[in-house]
Student: 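My questions will all concern the structure given below.
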Amino acid sequence: MAPLSSPLPSLLRHRGCLQKANVCKILQGLHHRPFRSCLWKRNFGAAYHGVGQLLSHQHRAKNYAASVYSSSDGQDMTERLWSIYNETKRQTEDLTPVISTNSVNPDTIFANNEMSLRDIEIYGFDYDYTLAFYSSHLHTLIFNIARDILISNHRYPEGLRKYEYIPNFAVRGLHYDVQKALLMKIDAFHYIQLGTVYRGLHPVPDEEVIAMYEGCHVPLENMSDFYGKSSHGHTMKQFMDIFSLPEMTLLSCVNDFFMRHNIDYEPVHLYKDVKEAIRDVHVKGIMYRAVEADIEKYICYGEQSHAVLKKLSEHGKKMFLITNSPFDFVDRGMSYIVGKDWRDLFDVVIVQADKPSFFNDRRKPFRRVTDKGALLWDRIHRLEKGQIYKQGNLYEFLRLTGWRGSKVLYFGDHIYSDLADLTLKHGWRTGAIIPELRKEIKIMNTEQYVHMMTWLQALTGLIEQMQVHRDSASQAVVEEWIREREAMRPQTKDIFNAQFGSLFRTYHNPTYFSRRLSRFADIYMASISCLLNYDLQHTFFPRRTPLQHESPFWPEQSHVSLSASSQPHRTKAESD
């Protein structure tokens with residue numbers, strides 16, 4: 001029988017590290033909240049009070065494990081392993097209420113890169129899902145119109161009308177294999193998350209996925225291009241736009257119909273037809289006219305965009321709007337959100353910009369648009385306040401305004417079309433609007449989630465430490481722990497979305513979406529209204545996320561100092 005002496009000291013270190021890390025997480029979370037928050041003050045006291053409790057737990061754990069180790073010679077290995085398991089689980093249950101007091105404020109702005117608002121002189125905005133937020137009715141509208149276009153224009157079966165939009169089916173950031181007609185979630189390392197692969201509306205068994213892809217890895221040459229599109233032989237399309245949720249659902253529904261009725265079809269044609277139908281909803285103005293006709297049904301007023309714009313204007317900040325939407329649609333929405341005089345707040349307004357081409361194509365000139373929507377032919381020598389401009393390109397925009405570099409901060413919801421080129425080519429600061437954050441943070445603040453993730457990490461630590469024992473009795477125990485861990489992992493997915501889980505994580509790794517978000521956005525938040533919680537001198541600091549070879553807590557000593565609050569706060573910690 002293998003001796004137990006090898007892993008126990010490292011287990012003690014692991015458990016101590018886990019508990020200290022939990023203390024740090026409590027303090028770290030405070031740093032990512034606006035200082036004036038009452039919740040911040042209350043939780044700080046609870047968190048600091050919890051430090052003593054956690055250290056007391058740690059001291060008792062060391063004494064307990066030491067006693068197990070000293071009497072291990074006469075004990076059965078299985079009994080000893082289960083003793084450590086039970087003690088670890090008990091401590092996890094004791095820690096959960098303390099950790100749960102550290103709820104994350106959904107109105108926080110999170111930083112990927114250090115950025116100070118005192119350096120920002122010009123603020124730029126996209127319109128859709130940045131200044132204007134839409135109700136779920138809009139996705140139902142897009143789905144229904146595109147479905148009917150497939151039937152009337154592309155001669156798809158009438159039976160498709162029985163399908164209705166499923167609001168909670170898909171999440172943003174998913175990949176679609178055009179040739180295999182599979183919708184799936186892929187992590188930052190190009191690995192498919194098993195259990196999240198769907199053909200139509202039904203999951204594909206893991207064994208079938210592994211057989212089709214000869215494993216779980218998707219080669220780089222099969223991934224979509226820079227903007228998430230499937231082109232030039234790429235088989236994967238990534239859906240990064242919030243407007244793509246009805247498109248993913250429609251693809252799945254049409255696939256489901258064909259499979260249910262044993263119709264032999266070409267997946268590539270289906271993908272192209274659905275893509276064209278969705279495009280027609282936007283390009284032909286069908287969606288725009290419907291929203292304008294019943295604006296209260298489709299636009300959510302409660303995101304306080306007006307208050308943000310007013311605050312920036314009162315502080316003398318320059319502001320501009322660059323959107324792909326047409327002027328009549330934007331004017332109707334902004335008049336509803338801000339008021340008829342909304343144009344007075346902006347120094348430049350550009351509509352139908354055709355992003356992301358706007359950021360790269362130097363050929364398209366600006367054209368002025370009259371209040372009646374007519375295009376003027378005169379050459380544009382300067383961009384005037386109160387006027388509306390169409391198309392153009394960023395290089396001409398920079399020449400006419402002189403707004404360059406890190407003094408410009410642009411907000412948008414599309415990681416590729418809105419933010420990528422600006423940060424990579426032009427040095428603008430970027431802010432991503434991620435409405436899904438609110439829902440996910442509220443889930444992560446629940447005691448159910450905290451308990452589940454704390455125990456999952458503790459159990460993973462036990463498996464990692466105890467796997468060195470190769471005798472059959474020890475291996476049987478560790479295998480049972482592994483089965484428990486595997487049974488828990490789908491629960492961490494389902495708590496966010498039953499089909500695909502969290503937007504930000506696979507079972508453990510960040511998603512492909514998260515990787516792009518961290519690369520192209522300096523800061524990110526649930527909505528523009530989060531800016532109201534900060535003054536315009538505020539500096540956002542990213543967490544010093546520990547590398548794999550670094551200790552996850554600072555400093556390593558018997559007490560936890562307030563410097564712990566400068567450590568990384570994983571707002572998506574080990575979710576999904």
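This structure is a prediction, so every number in the text was calculated from the model and none was measured.
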Student: Work out which heavy atom in N112 is nearest to a heavy atom in L517; give both atom names and the distance.
Tutor: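 Residues N112 and L517, closest heavy atoms: ND2-O, 3.3 Å.
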
Student: Quick one: list whatever passes side-chain contact (heavy atoms from CB on, under 4.5 Å) with E121, sequence neighbours left out.
Tutor: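 Applying side-chain contact (heavy atoms from CB on, under 4.5 Å) to E121 gives K407.
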
Student: Answer yes or no for K89 and Y85: cation-pi contact, defined as NZ/CZ to six-membered ring centre under 6.0 Å and angle to ring axis within 45°.
Tutor: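 So K89 doesn't make the cation-pi contact.
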
Student: Does F496 form a side chain to side chain contact (heavy atoms under 4.5 Å, CB included) with V171? I'd like the steps, not just the answer.
Tutor: CA-CA 10 Å; F496 292 98; V171 299; over 6 Å; no

Student: What residues, two or more places apart in sequence or in another chain, satisfy side-chain hydrogen bond (donor to acceptor under 3.5 Å, both in side chains) together with Q448?
Tutor: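 For Q448, no residue satisfies side-chain hydrogen bond (donor to acceptor under 3.5 Å, both in side chains) once neighbours in sequence are set aside.
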
Student: Return each pair, listed once, that meets salt bridge (Lys or Arg N to Asp or Glu O under 4.0 Å) where at least one residue sits in residues 531-540; pairs must be two or more places apart or across chains.
Tutor: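 Residue pairs with at least one partner in residues 531-540: there are none.
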
Student: Using side-chain hydrogen bond (donor to acceptor under 3.5 Å, both in side chains) as the criterion, list what pairs up with H139, not counting sequence neighbours.
Tutor: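 H139 satisfies side-chain hydrogen bond (donor to acceptor under 3.5 Å, both in side chains) with Y129 once adjacent residues are dropped.
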
Student: Checking F169 now: which residues fulfil ring pair (Phe, Tyr, Trp, His ring centres under 6.0 Å) with it, not counting sequence neighbours?
Tutor: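 Here the qualifying residues are Y198, F500.
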
Student: Residues two or more places apart in sequence or in another chain: which of them pass side-chain hydrogen bond (donor to acceptor under 3.5 Å, both in side chains) with Y213?
Tutor: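 Y213: side-chain hydrogen bond (donor to acceptor under 3.5 Å, both in side chains) contacts with D177.
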
Student: For the residue pair I109 and Y534, what are the closest heavy atoms and their distance?
Tutor: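 Answer, listing the atom of I109 first, then Y534: N-OH, 3.0 Å.
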
Student: Ignoring hydrogens, what is the shortest heavy-atom contact between C216 and I210? Give both atom names and the distance.
Tutor: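 Looking at all heavy atoms of both residues, the shortest contact is SG-CG1, 4.1 Å.
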
Student: How would you list, by chain and number, every residue that makes a side-chain contact (heavy atoms from CB on, under 4.5 Å) with H190, sequence neighbours excluded?
Tutor: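 Residues passing side-chain contact (heavy atoms from CB on, under 4.5 Å) with H190: H217, L220, M223, Y512, R515.
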
Student: Run the ring-centre check on Y123 versus W428 and record whether the distance is less than 6.0 Å.
Tutor: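 Between W428 and Y123, which both carry aromatic rings, the centre distance is not below 6.0 Å.
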
Student: Please identify each residue that fulfils side-chain hydrogen bond (donor to acceptor under 3.5 Å, both in side chains) with S116, with sequence neighbours left out.
Tutor: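 Here the qualifying residues are R118, T539.
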
Student: Just to verify, what does K439 make a side-chain contact (heavy atoms from CB on, under 4.5 Å) with, not counting sequence neighbours?
Tutor: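 With neighbours one apart ignored, the set is N168, I443.
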
Student: If you round to the nearest 0.5 Å, how far is CZ of F359 from CG of L419?
Tutor: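 Going from CG on L419 over to CZ on F359, the span is 8.0 Å.
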
Student: So Q475 and E479, side chain to side chain donor-acceptor pair (under 3.5 Å) or not? Walk me through it.
Tutor: CA-CA 6 Å; Q475 285 294 299; E479 286 297 326; over 6 Å; no

Student: CG/L503 to CG/N497 distance, rounded to the nearest 0.5 angstrom?
Tutor: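 Answer for the CG-CG pair, L503 versus N497, is 10.0 Å.
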
Student: Partners of A132 by side-chain contact (heavy atoms from CB on, under 4.5 Å), sequence neighbours excluded?
Tutor: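 side-chain contact (heavy atoms from CB on, under 4.5 Å) list for A132, sorted by chain: Y127, Y134, I337.
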
Student: Are H426 and Y395 an aromatic pair by the rule of ring centers under 6.0 Å?
Tutor: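 Centroid separation for H426 and Y395: below 6.0 Å.
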
Student: Once salt bridge (Lys or Arg N to Asp or Glu O under 4.0 Å) is applied, do any residues pair with E486, and if so which ones, sequence neighbours excluded?
Tutor: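 Counting only residues at least two positions away or on another chain, E486 forms a salt bridge (Lys or Arg N to Asp or Glu O under 4.0 Å) with R489.
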
Student: Which residue pairs pass the salt bridge (Lys or Arg N to Asp or Glu O under 4.0 Å) test with at least one member in residues 413-424, sequence neighbours excluded?
Tutor: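 Applying salt bridge (Lys or Arg N to Asp or Glu O under 4.0 Å) to every pair that reaches into residues 413-424, excluding sequence neighbours, yields K355-D418, D421-K425.
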
